[in-house]
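Worksheet for the structure shown next.
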Number of protein chains: 2
Amino acid sequence: MSDENRKPAATIRDVARVAQVSMTTVSHALSAKRPVSPETAERIQAAIEHLGYVPSSAARSLHAGKSLMLGLVVPDVSDPFFGRLAASVERAADEADYGVVLGSSSGASTREARYFNLLRSRSIDGLIYVAGAPRYDDRLSRLARRHPIVLADEWVEGLDGIPLAAADHEQGGRLAAEHLAALGHRDVAVITGPRGLRSADERVAGFRSVFPDARVVDGDFTEEVAYHRTAKLLGRGGAPTAIFASNDLSAFGVLDAARDHGLVVPRDLSVVGFDDVPLAQRVSPPLTTVRQPIDEIGRLATATLFEVIAGRDPGELERCPVELVVRESTAPSARTD
Amino acid sequence: MSDENRKPAATIRDVARVAQVSMTTVSHALSAKRPVSPETAERIQAAIEHLGYVPSSAARSLHAGKSLMLGLVVPDVSDPFFGRLAASVERAADEADYGVVLGSSSGASTREARYFNLLRSRSIDGLIYVAGAPRYDDRLSRLARRHPIVLADEWVEGLDGIPLAAADHEQGGRLAAEHLAALGHRDVAVITGPRGLRSADERVAGFRSVFPDARVVDGDFTEEVAYHRTAKLLGRGGAPTAIFASNDLSAFGVLDAARDHGLVVPRDLSVVGFDDVPLAQRVSPPLTTVRQPIDEIGRLATATLFEVIAGRDPGELERCPVELVVRESTAPSARTD
DNA sequence: GCTACGCCGCAAAAGGCTTTGCGCGATTTC
DNA sequence: GAAATCGCGCAAAGCCTTTTGCGGCGTAGC
């Protein structure tokens, strides 16, 4: 559509003229800050619809000092996990008449700087920050002192005063362990996530609170490393009867390694994952895993951000309860000890 | 962080006071619309950094009449396809110093109305609209007459004057067909998408341009329906040697149905999908499919939107070329005719 | 000593909305 | 018939930037 089709947008003054009232009355009809007679209100309404009038958001936020926009920075929107998180944040924001400005940091700090400036320029009233790694970020911590920020999903070093909305990873590890214990498993192993990643450490800690003697295998959340470490573990004598992988990707590596060693899951080896990615129910056998309440995390993060924006201190947030999804990769231990 | 920690944001007037110059000079130092001596510029710069000053976006857009924000409405961000599209749009926008306001319509027309109002209130300078269904939308077409809008991925009925950035679905159907033809297949079937969905129809049309006699089975892009229709097809005598499913989800249904009929893919039946979803390379056997250039579509949509915003008519857009990804679900036809 | 020119201040306008104190006319109330 | 009430107009201030014409000051050039 070329320029000649674009009329200058209608202003409140245009509405006033058409409705034969003053700008003051139009404004008050919209905000209900002063009573307006039904007849007048109707005339104004008609004028608004006739002109297709919508108040200028720029003028509004200039006056009100807020933009009705939230920022959401995730490592990568194309990852289904963050996609679902974005969807739930957007839904929660929408209910409060807020919009969401999306940003993929993908680790690029120049990109992140842009979103921080959105906050400073009051383009957004608050920020939900989902860190890709728990590295300490000086700018983020300075920013958080002056602006409403909440963390979601992953903790960031040095930002302890800032609310964190996340799943109860420790409970997840515990649920996985209790499930295996109930199936009679005694000799179990756990594959960790990257060193220092808080969520990963919590999962392992939860698991070990039930199985203090579990064998600990270093992983990094990738399928490849999980595969090789598992292969090595199974190669030695006295293989465990169950393995808890601290994310689904690693569990897939375990599944592949088990198959390549001639083991049948779950007959010879039980496997539990974490995350419940879409793939989990499609691999064979379908993976028993721990599901994170993504929607709940997004909702909590958004609600908390509104609290912070309103100037209230939400305090330390409770972790969102996770859920064990039992599928077909776990079975009673065959070993009789 | 509670209120007492939040100082009112610095204004250009504060910068002027600290740098001991007039507001005029500060503004000109930032915009370079009038020469400023190096020493003064340095003082101003120092003041800006000291105060952490960033110009108010609201005041800026009120004056400039643009918001430096784009809108992106997709049916569902948590779908990896739309997630990737969002990521590429966001990247392209970022390069032009634009932000992206994300919206999931999920078919709810009340949600969509909000995004349309963002356009009207000039919260966003333009909109990239990804339709979930090609239904005619009166509001959208009226809106498009007055505001910069481009369509991405899916065509919408009645909006023919509006630029559409999409993959070359027809070419995709043709590539799939040519691949099967080269493998010696003669007796083939195609599973369609929902009736009336333009992209789906184009895929089928492309396929049939090579195989005019292909059997056409009605599908709706879901796994379940594809499963049942395929089961029925294989149950009758004279089953085809290859099936083209017009999306990957349907192809998964075909794969399951084939397995349940004792057929080995690709020995007894070749299967080609469309989309190349992440799952496609993980099913067994890994699926031969047509990959859409999602990044390219997002980039094109964004670049085109900038054209429209600038008041230029981009004309009809070329379709983005697709790519055949050959994996293990296709093999030479076993039937010797 | 006069002209240029470079740098910058001043003041005002514009962009669109919200808010408020004051006041006026018309209707209701006892 | 005086008082209270209601609906609304008027005018101005404020939110923060950008832009511009005019003019002042100082330094360099002839």
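Quick caveat: nothing in here was measured; it's all calculated off a predicted structure.
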Euclidean distance, atom CD of residue A:Gln20 to atom P of D:dC8 [Å, nearest integer] = 14 Å
Give the rounded distance in Å between these two atoms: CG of B:Asp14 and C1' of D:dC16.
-> 11 Å
Whole-Å distance between D:dC15 C1' and A:Lys66 NZ?
-> 14 Å
Output yes when A:Asp94 and A:Arg91 qualify as a salt bridge under the 4.0 Å nitrogen-oxygen rule, no when they do not.
-> no
Under 4.0 angstrom between B:Arg60 side-chain N/O and D:dT18 OP1 or OP2 = yes
Taking only the side-chain nitrogens and oxygens of B:Tyr53, find out if one of them lies under 4.0 Å from OP1 or OP2 of D:dT17.
-> yes
Any side-chain heavy atom of A:Leu164 within less than 4.5 Å of one from A:Val150?
-> no
With a 4.0 Å heavy-atom cut-off, tell me which residues in residues 22-42 of chain B come close to DNA chain D, sorted by residue number.
-> B:Met23, B:Thr24, B:Ser27, B:His28, B:Lys33, B:Arg34
Indicate yes or no: does B:Glu90 engage A:Arg111 in a salt bridge with an N to O separation below 4.0 Å.
-> yes
Specify the separation, in whole Å, of atom CD1 of B:Ile12 and atom C1' of C:dG9.
-> 14 Å
Within-4.5 Å side-chain heavy-atom neighbours: A:Thr304 and A:Pro314 | yes
When the nearest nucleotide of DNA chain D is assigned to B:Ala10 and to A:His63 on a heavy-atom basis, which residue is associated with the more 5' position?
-> A:His63
Rounded distance in Å - CG (A:Leu62) to P (C:dT18) | 12 Å
Return the value, rounded to whole Å, for the distance between atom CZ of B:Arg17 and atom C1' of C:dG9.
-> 16 Å
Hey, are B:Arg139 and B:Glu112 close enough for a salt bridge, meaning a charged N less than 4.0 Å from a carboxylate O?
-> yes
Below 6.0 angstrom between ring centroids: does that apply to B:Tyr115 and B:Tyr129?
-> no
Quick one: A:Arg13 CZ to D:dG9 P, roughly how many Å, whole number?
-> 14 Å
